[in-house]
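Order of appearance sets the numbers: ligands from 1, and atoms from 1 within every ligand. In this text, all values refer to a predicted model and were calculated from it rather than measured experimentally.
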Amino acid sequence: MTSSGDTSPVAAHHPQCPHDRAGALAARAPGAWPLLGHLPQLCARPLSFLGGLPRYGDLVEVRLGRRRGFVVCRPELARQVLADDRTFDRVGPLHERVRAAMGNGLATCAHADHARQRPMVQPAFRQDRVRAYAPLMRQEIAAVLDGWQDGHVVDVVDEMFSLTTAVAVRTLFSHGLDATSARVLRDSLDVFLRGSYARALLPNLDRLPLPANRRYAAALAHWRAEVSRIIDRHRRAGTDGSDLLSALLAARDEEGRALTEQELHDQVAVLVLAGAETTSATLAWALHLLARAPDERARLHAEADTVLAGRTATWDDVQRLEHTTRVVRETLRLLPPAWLLPRTAVRDTELAGRRIPAGSIVAYSPYVVHRRSDLHQDADRFRPDRWRRGADGATQVPRGSFLAFGSGSTRCLGEGFALTEAVLALASIAARWELVPVKGKVRAAPRSVLCPRTLPMRLHRRTGRPAQSPASTSEA
Ligand code: HEM
């Protein structure tokens, strides 16, 4: 990141987006390599490559080796794709690979299974359930913050991931996780999230006898075994009925059928996958952005002091943590963890006036859509106040342009859960700690969830005097 306030986690040039440019509805991205197409750019510098696409059109064709793909660059088009999940489905080799790895749960299943699964899982995310999970979130947040020591350097990526995995597992299974299970889950999820992006781009990677492939396979085996062990342990210990697993065990479809053993396993795996890294990336990016925005940081601390006075936040505080909520939303706009979401066209169709042959990959990128300068003033700047509601109740973020949680029938089920957790955690951190970046560059990791590779920060217990940020900290 530069001192000008650019928030791109890679050195990117984001063009002005001339959406009214004649004939620019559908276009082809330049710079395809022979045989490889745009794979080199998507592997080496995905964000700056994608961020540059709106300059060519609203729907931009890219080449993934010999395969054809389309990147959707306008929110209306993205919503159109997401609204038509019979045409643009989670099928094809790419999703088959994700399902083989993570199971056929709600966030990974195709349209045919989605219609049965969604109504069964949805009740577990009603607002009253999220409210019931909030005390568990609070306990886990307090446990992490109580372990911090003044002057120590922590990797914020690790800390936030440990926190959100613990919260995901505590809310799924009221008994929580022992340290060994937590480590196994964390390590295997890490290998999966890194490996799945590479495998989405390079489908034949699995066939090569590489140490990385052996590590990937071993991580998935550990993941599956650990999820089974956790479910078994939970069943043996019994439950008080308040956790997510109890809701899943009680769920019945229209014909009164419960989830099968395999479905239960897959839902649990997918919920930990969908919930943990996304929320931890949001928190890590928020702390990163705040470290470079002293005024916003001061406002966050002031709000935390007024509302919390040094204690850990609770559900009842969330309404009053308005600025904290705006910081979380603005973080999700600039650095959306779910940054590239693919679909496959299951039949020949048309989009933005362009014929889309069956089998084409059509991906939408909240990262691209959220940074359009024709939709957002100072699109690359961290400005939480753009989320402030005016007298008419509207914010400066155009309606329908925020896609961090997706849209349509597959819209994130955990949105309320994630926002509650992120606001509770961020406000509680701000109430007690100031985090100062340790000199170094911050880069996004090229993986399925957009997340900093590492984010070392020094902890300063707040005493009223602001800690100094090293002026030389920069971002690649
Ligand atoms: C800031 C955090 C989060 C972000 C940015 C996020 C983003 C998303 C997005 C973009 C989708 C749509 C995927 C698609 O269209 O294929 C999605 C789906 C989903 N998310 Fe989240 N998510 C977050 C947190 C969570 C949490 C905490 C949970 C659960 C505890 C969760 C559970 C789900 C589920 C179950 C789906 C699948 C919905 C369906 O297919 O019907 N998410 N999420």
List ligand 1 atoms under 4.0 Å from [X], heavy atoms only on the residue side.
{"X": "Gly275", "result": "25 (C), 26 (C), 27 (C), 28 (C)"}
{"X": "Arg411", "result": "38 (C)"}
{"X": "Ala338", "result": "10 (C)"}
{"X": "Leu341", "result": "10 (C), 13 (C)"}
{"X": "Phe125", "result": "29 (C), 30 (C)"}
{"X": "Phe417", "result": "27 (C)"}
{"X": "Thr279", "result": "2 (C), 27 (C)"}
{"X": "Arg118", "result": "38 (C), 39 (C), 41 (O)"}

Tell me which protein heavy atom sits closest to [atom], plus the residue, atom name and distance to 0.1 Å.
{"atom": "atom 36 (C) of ligand 1", "answer": "Ala107 CB, 3.8 Å"}
{"atom": "atom 35 (C) of ligand 1", "answer": "Leu271 CD2, 3.7 Å"}
{"atom": "atom 40 (O) of ligand 1", "answer": "Arg90 NH2, 2.9 Å"}
{"atom": "atom 25 (C) of ligand 1", "answer": "Ala274 O, 3.6 Å"}
{"atom": "atom 24 (C) of ligand 1", "answer": "Thr278 OG1, 3.4 Å"}

Nearest option to atom 10 (C) of ligand 1, as decided by whichever heavy atom of Gly414, Ala404, Ala418, Cys412 sits closest
Ala404

Within the 3.5 Å criterion, strictly below it, is a donor on [X] or [Y] matched to an acceptor on the partner's side chain?
{"X": "Gln117", "Y": "Gln267", "answer": "yes"}
{"X": "Ser409", "Y": "Arg118", "answer": "no"}
{"X": "Gln262", "Y": "Asp266", "answer": "yes"}
{"X": "Arg388", "Y": "Gln396", "answer": "no"}
{"X": "Thr108", "Y": "His95", "answer": "no"}
{"X": "Asp155", "Y": "Thr454", "answer": "no"}
{"X": "His376", "Y": "Arg372", "answer": "no"}

From the list Thr314, Thr324, Asp317, side-chain contact (heavy atoms from CB on, under 4.5 Å) with Leu308 holds only for Asp317

Heavy-atom contacts under 4.0 Å between [X] and ligand 1: side chain, backbone, both, or neither?
{"X": "Leu332", "result": "side chain"}
{"X": "Phe405", "result": "both"}
{"X": "Glu415", "result": "neither"}
{"X": "His95", "result": "neither"}
{"X": "Leu106", "result": "both"}
{"X": "Thr410", "result": "both"}

Give a yes/no verdict on whether any heavy atom in [X] is under 4.0 Å from an atom of ligand 1.
{"X": "Ser409", "answer": "yes"}
{"X": "Gln117", "answer": "no"}
{"X": "Glu421", "answer": "no"}
{"X": "Tyr364", "answer": "yes"}

Strictly below 4.0 Å, N to O, side chains only: are [X] and [Y] in salt-bridge contact?
{"X": "Arg343", "Y": "Asp89", "value": "no"}
{"X": "Glu415", "Y": "Arg411", "value": "yes"}
{"X": "Arg432", "Y": "Asp146", "value": "yes"}

Trp315 side chain to Leu424 backbone, donor-acceptor under 3.5 Å:
no

Would you check if the side chain of Glu140 reaches a backbone N or O of Ala166 as a donor-acceptor pair within less than 3.5 Å?
no

Could you give me the CA-CA distance, side-chain angles and deciding distance for His114 and Thr410, then say whether side-chain hydrogen bond (donor to acceptor under 3.5 Å, both in side chains) is met?
CA-CA 8 Å; His114 190 260; Thr410 58; 5.8 Å; no

Mind telling me whether His370 and Phe402 have parallel, tilted or perpendicular rings, with 30° and 60° as the class edges?
parallel

Does Thr282 reach ligand 1 with a nitrogen or oxygen that is under 3.5 Å from one of the ligand's nitrogen or oxygen atoms?
no

Hey, is ligand 1 close enough to Arg343 that some N/O pair sits below 3.5 Å?
yes

